[in-house]
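Worksheet for the structure shown next.
This one's a predicted model, so the numbers in the text were calculated from it and none came from an experiment. Counting from 1, the numbers follow the sequence of the chain as shown. Atoms considered below: every heavy atom in the structure, side chains included; atoms not considered: hydrogens, waters and symmetry mates.
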Amino acid sequence: MSRLTNINPDHATGIVKVLLDGIQAKLGMTPNMIKAMAVSPAVLDAYVQFSGALSKGGLSSKLREQIALAVGQANECEYCLAAHSAIGKMVGLTAEQIGDSRIGTAVDARTAATLRLAQQIVESRGLVTDTDLAGARSADLNDAAIAEIVANVALNIFTNYFNKVAATDVDFPRVEPLKANRPSATS
């Protein structure tokens, strides 16, 4: 049960109503995370603005979802793993790509480097090494892409932590825990 109040979209007013209506129109639903964020108009607006700005960047929607899955797995956020697995399918990720993203790997080198860097940012709390950045650059990631990866990691850390603090009720199909025999990106 959620530890923060969820705002019912039918009872929302002002900017919260506008934001909730926009999310409902875009997703066809109002996720519980959004309802919990709506308790603070500033928090909901910040989330919507940040995610909206990143959607206009150079990283594709598929790659942003893959980053979300890698970060959600690193932070063990059950809510975000469920949500981004479902949204990942909506933007065209296969079940294999979703599973690979959770462990920070991919078939193509650029995506694999992106996910590896995202995991390194989470694991090192942002203290990546010159070698880490050189690895990203060797996979054709330029400074703009690296900056957007950092921003997407930050957005997803925010949602991971928010959902863990709120104990947000999962309203997407739950995902299976990773099998112990799957390799991690760092092994």
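- Annotation: the span from M37 atom CE to N32 atom CG amounts to 12.0 Å, rounded to 0.5 Å.
- At least one donor-acceptor pair under 3.5 Å links the side chain of Q24 to the backbone N or O of T30.
- Remark: N156 CG to C80 SG distance equals 6.5 Å, nearest 0.5 Å.
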Can R137 and I146 be said to form a side chain to side chain contact (heavy atoms under 4.5 Å, CB included), step by step? CA-CA 9 Å; R137 287 186 174 111; I146 291 168; 4.0 Å; yes
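- I67 is listed as a side-chain neighbour of L59, based on a closest heavy-atom distance under 4.5 Å.
- No side-chain donor-acceptor contact under 3.5 Å links N152 to the backbone of R64.
- Using modelled atom types, no side-chain atom of R174 and backbone atom of L81 make a donor-acceptor pair closer than 3.5 Å.
- Between the CZ atom in R110 and the CG atom in L141 there is a gap of 5.0 Å [rounded to 0.5 Å].
- Grouping the Ile, Leu, Val, Met, Phe, Trp and Tyr side chains by contacts below 4.5 angstrom, directly or via other members, places F158 apart from V165.
- The CD atom of E65 lies 8.5 Å from the CE atom of M90; values are rounded to the nearest 0.5 Å.
- Annotation: side chain of T159 is not in contact with side chain of F50 (no heavy-atom distance under 4.5 Å).
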Is there a side chain to side chain contact (heavy atoms under 4.5 Å, CB included) between Y47 and I34? Walk through the geometry before answering. CA-CA 9 Å; Y47 170 74; I34 300 298; 3.5 Å; yes
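- Side-chain atoms of T168 and P31, non-hydrogen and from C-beta on, never get closer than 4.5 Å to each other.
- Using a 4.5 Å heavy-atom cutoff, the side chains of T114 and Q66 are not in contact.
- The side-chain heavy atoms of L115 and T105, taken from C-beta on, include no pair separated by under 4.5 Å.
- At a threshold of 4.5 Å between non-hydrogen side-chain atoms, the residues Q73 and I103 do not count as touching.
- Separation of atoms CG (D171) and NZ (K35) is listed at 7.0 Å; rounding is to 0.5 Å.
- Residues L4 and F162 meet the side-chain proximity criterion, which asks for heavy atoms closer than 4.5 Å.
- Here the OG atom belonging to S61 is positioned 13.0 Å from the CG atom belonging to L54, to the nearest 0.5 angstrom.
- Classification of the Y79-F172 ring pair by plane angle, with boundaries at 30° and 60°, yields perpendicular.
- Contact annotation: the side chain of S85 approaches that of L69 to within less than 4.5 Å [non-hydrogen atoms, C-beta and beyond].
- For D108, the CG atom sits in a packed shell: over 12 heavy atoms of surrounding residues, nucleotides or ligands are nearer than 6.0 Å.
- No side-chain donor-acceptor contact under 3.5 Å links D100 to the backbone of Q97.
- Around CG of N142, the count of heavy atoms belonging to other residues, nucleotides or ligands within 6.0 Å exceeds 12.
- I7 is connected to M33 through a chain of hydrophobic side-chain contacts under 4.5 Å among Ile, Leu, Val, Met, Phe, Trp and Tyr, so both are in one cluster.
- The backbone N or O of C77 sits nowhere less than 3.5 Å from a side-chain atom of N75 that would complete a donor-acceptor pair.
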